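Have a look at the structure below, then the notes.
Because the structure is a prediction, the values reported are computed rather than measured.
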Amino acid sequence: MAVVTGAGRGLGQAYARALARAGAAVVVNDVDTEAAGQVVEGITAEGGRAVVAAGGVGGTQVAQRLVDTAVKEFGRLDVMVTNAGILRDRVLWKMSDEEFDAVVEVHLRGTFSCARAAAVRMREQGQGGRLILISSPAGQRGNFGQTNYAAAKAGIVAMARTWALELARSEITVNAVVPVAATEMTKTIPAFAPILERGEPYPDWVRKDEGLGTVEDVAGLIVYLASDASAGVTGQAIGVGGDKLALWSHPAEKAVAYADGGWSADAIAASWHTTVGAEPETYGIPAPKGA
């Protein structure tokens, strides 16, 4: 039995439908009640089981209602997919408090509150479970104009690693998914906008080199992580899109240098470009190579 937040359209809808086709009963959440209802109608028309639980994620009340709906309608909760999200793009010096807070509320706090409510229920059931948290390439590499979104998505990966430790004894796996797909949200990313404007079918270099495809291309990973086959997979950030499946590395020390007695500013300046700073890390989502 699964809950999918932000499942009224785009990736969330693809996740909900794929889980239903795999045999899961699904609670379809979205702030748009009508959109969620249409997804439920589509699932039930295909012989699946699904119900609507509308509401904007962020606070404790909605998160608890999602879990309660799952238990009331289907008797238990096995999978929580935290997909809901919004964008309020703006460069740093123009971003308002409201724009920052709104994105963090939905993405970061929404993931926290829904995962917490799910973890409480799963631990009570005593039969394990799956927390599948949706991150983004922006959270891994940063992205121009997305201070709020990138920060929240990076935080989601950090939470996945932390919760994987905390929930291991309860046999609850926690993983972050880093999807790349053609959605209304993706169209706002300058690096991908020109490709998406061309429409489907996407050329081979887009699907392979850029790992960009349809929302349906991402759904298989969600089904896998929700299944018994992924029981030993936890604490990971996994990328998927188009024809590409990838494992993102955890942050690690890339280069190290030592100085007896410690490092003064002058000592760092004198050695930076020949020691730890010799090969600096890149940042930002790279422009498509074949564009």
TODO: Please check if the side chain of Lys254 supplies one atom and the backbone of Glu279 the other of a donor-acceptor pair under 3.5 Å.
DONE: yes
- [ ] Provide the closest heavy-atom pair for Val3 versus Ala70 in the form atom of the first, atom of the second, distance.
- [x] CG2-CB, 4.1 Å
TODO: Output the rest of the hydrophobic cluster of Val31: all Ile, Leu, Val, Met, Phe, Trp and Tyr residues reachable through side-chain heavy-atom contacts under 4.5 Å, sorted by chain and number.
DONE: none
Task: Under 3.5 Å: donor-acceptor pair, side chain of Asn148, backbone of Ala102 - done: no
Open item on the list: So does Gly241 get a backbone contact from the side chain of Asp217, meaning a donor-acceptor N/O pair under 3.5 Å?
Closed with: no
TODO: Report yes if the side chains of Val81 and Arg130 come closer than 4.5 Å at any heavy-atom pair, otherwise no.
DONE: no
Open item on the list: Contact between Asp30 and Arg9 at the side-chain level, heavy atoms closer than 4.5 Å - yes or no?
Closed with: yes
Task: Thr282 versus Arg141, side-chain donor and acceptor atoms under 3.5 Å - done: yes
Open item on the list: Let me check something: do Val157 and Val180 share a hydrophobic cluster, defined by ILVMFWY side-chain heavy atoms less than 4.5 Å apart, either directly or through other members?
Closed with: no
Task: Arg17 side chain reached by Glu46 side chain, heavy atoms, under 4.5 Å - done: yes
Task: Nearest-0.5 Å distance, CD of residue Glu216 to OH of residue Tyr15 - done: 11.0 Å
Task: Side-chain cluster (under 4.5 Å, hydrophobic types only) that Val256 belongs to, other residues - done: Tyr258
Task: Residues, nucleotides or ligands: over 12 heavy atoms within 6.0 Å of Lys94 NZ - done: no
Open item on the list: Using 0.5 Å steps for rounding, measure from the OG1 atom of Thr147 to the CZ atom of Arg88.
Closed with: 15.0 Å
Open item on the list: Other members of the hydrophobic cluster containing Trp248, with the 4.5 Å side-chain heavy-atom rule, please.
Closed with: Val178
Task: Reported CE-to-CD distance for the pair Met122 and Gln127, which is rounded to 0.5 angstrom - done: 11.5 Å
Open item on the list: If the condition is side chain to side chain contact (heavy atoms under 4.5 Å, CB included), which residues does Asp204 pass it with, not counting sequence neighbours?
Closed with: Lys208, Asp243
Task: Minimum heavy-atom distance Ala182-Tyr202, with the two atoms named - done: CB-OH, 3.0 Å
Task: Exercise: identify the closest heavy-atom pair between Leu108 and Ala152 - done: CD1-O, 3.6 Å
Task: Geometric class of the Phe112/Trp163 ring pair [parallel <30°, tilted 30-60°, perpendicular >60°] - done: tilted
Task: Enclosure of Glu171 CD (heavy-atom neighbours >12, cutoff 6.0 Å) - done: no
Task: Cluster link Leu133 to Leu225, ILVMFWY, side chain under 4.5 Å - done: no
Open item on the list: Strictly distance-based, threshold 3.5 Å: is any side-chain N or O of Gln236 a donor or acceptor partner for the main-chain N or O of Leu247?
Closed with: no
- [ ] Mind checking the OH-CD1 spacing from Tyr224 to Ile238? Nearest 0.5 Å is all I need.
- [x] 7.0 Å
TODO: State plainly whether one hydrophobic cluster holds both Met159 and Ile132, where clusters connect Ile, Leu, Val, Met, Phe, Trp and Tyr through side-chain heavy atoms under 4.5 angstrom apart.
DONE: no
- [ ] Rounded to the nearest 0.5 Å, what's the gap from CD1 on Ile43 to CD on Gln38? Could you check?
- [x] 12.5 Å
Open item on the list: Hydrophobic cluster membership, with links at side-chain heavy-atom distances under 4.5 Å among I/L/V/M/F/W/Y: are Met80 and Leu221 in one?
Closed with: no
Task: Exam field: side chain His107 to backbone Gly155, donor-acceptor pair closer than 3.5 Å - done: no
Task: Heavy-atom closest pair, residues Thr234 and Val174 - done: OG1-N, 2.9 Å
Task: Val106 side chain reached by Val57 side chain, heavy atoms, under 4.5 Å - done: yes
Task: Check: Asn29 side chain, Val4 main-chain N or O, donor-acceptor pair, under 3.5 Å - done: no
TODO: Please name the pair of heavy atoms, one in Arg161 and one in Ser249, separated by the smallest distance, quoted to 0.1 Å.
DONE: NH2-O, 3.8 Å
Open item on the list: Is there a continuous path of hydrophobic side-chain contacts, each under 4.5 Å between heavy atoms, that joins Leu167 to Ile156?
Closed with: yes
Task: Pair Glu124-Val120, side chain to side chain contact (heavy atoms under 4.5 Å, CB included): steps then yes or no - done: CA-CA 6 Å; Glu124 290 174 349; Val120 169; 3.7 Å; yes
TODO: May I ask you to check whether over 12 heavy atoms, not counting those of Arg207, lie within 6.0 Å of atom CZ?
DONE: yes
For residues 269-277, dump all side-chain donor-acceptor pairs below 3.5 Å to protein atoms at least two apart in sequence or in another chain.
from, atom 1, to, atom 2, distance (Å)
Ser271, OG, Ala267, O, 3.0
Thr274, OG1, Ser271, O, 3.1
Thr275, OG1, Ser271, O, 2.7

Open item on the list: Any side-chain to backbone donor/acceptor pair from Thr5 onto Asn83? Under 3.5 Å, distance only.
Closed with: yes
- [ ] Would you please name every residue forming a salt bridge (Lys or Arg N to Asp or Glu O under 4.0 Å) with Glu98, sequence neighbours left out?
- [x] none
Open item on the list: Just verifying a value: how many Å separate Asp89 CG and Asn143 CG, rounded to the nearest 0.5 Å?
Closed with: 8.0 Å
Open item on the list: Looking only at the side chains, is there a donor atom on one of Gln61 and Arg65 sitting less than 3.5 Å from an acceptor on the other?
Closed with: no
TODO: Please lay out, stage by stage, how Thr173 and Leu131 fare under the test side chain to side chain contact (heavy atoms under 4.5 Å, CB included).
DONE: CA-CA 6 Å; Thr173 65; Leu131 300 182; over 6 Å; no
Task: Closest contact, heavy atoms only, Pro179 versus Leu11 - done: CG-CD1, 4.0 Å
Open item on the list: I'd like to check Ile172 versus Arg123 (side-chain heavy atoms, cut-off strictly below 4.5 Å). Are they in contact?
Closed with: yes
Open item on the list: For a quick check under 3.5 Å, do Thr60 and Arg116 share a side-chain donor-acceptor pair by atom type?
Closed with: yes
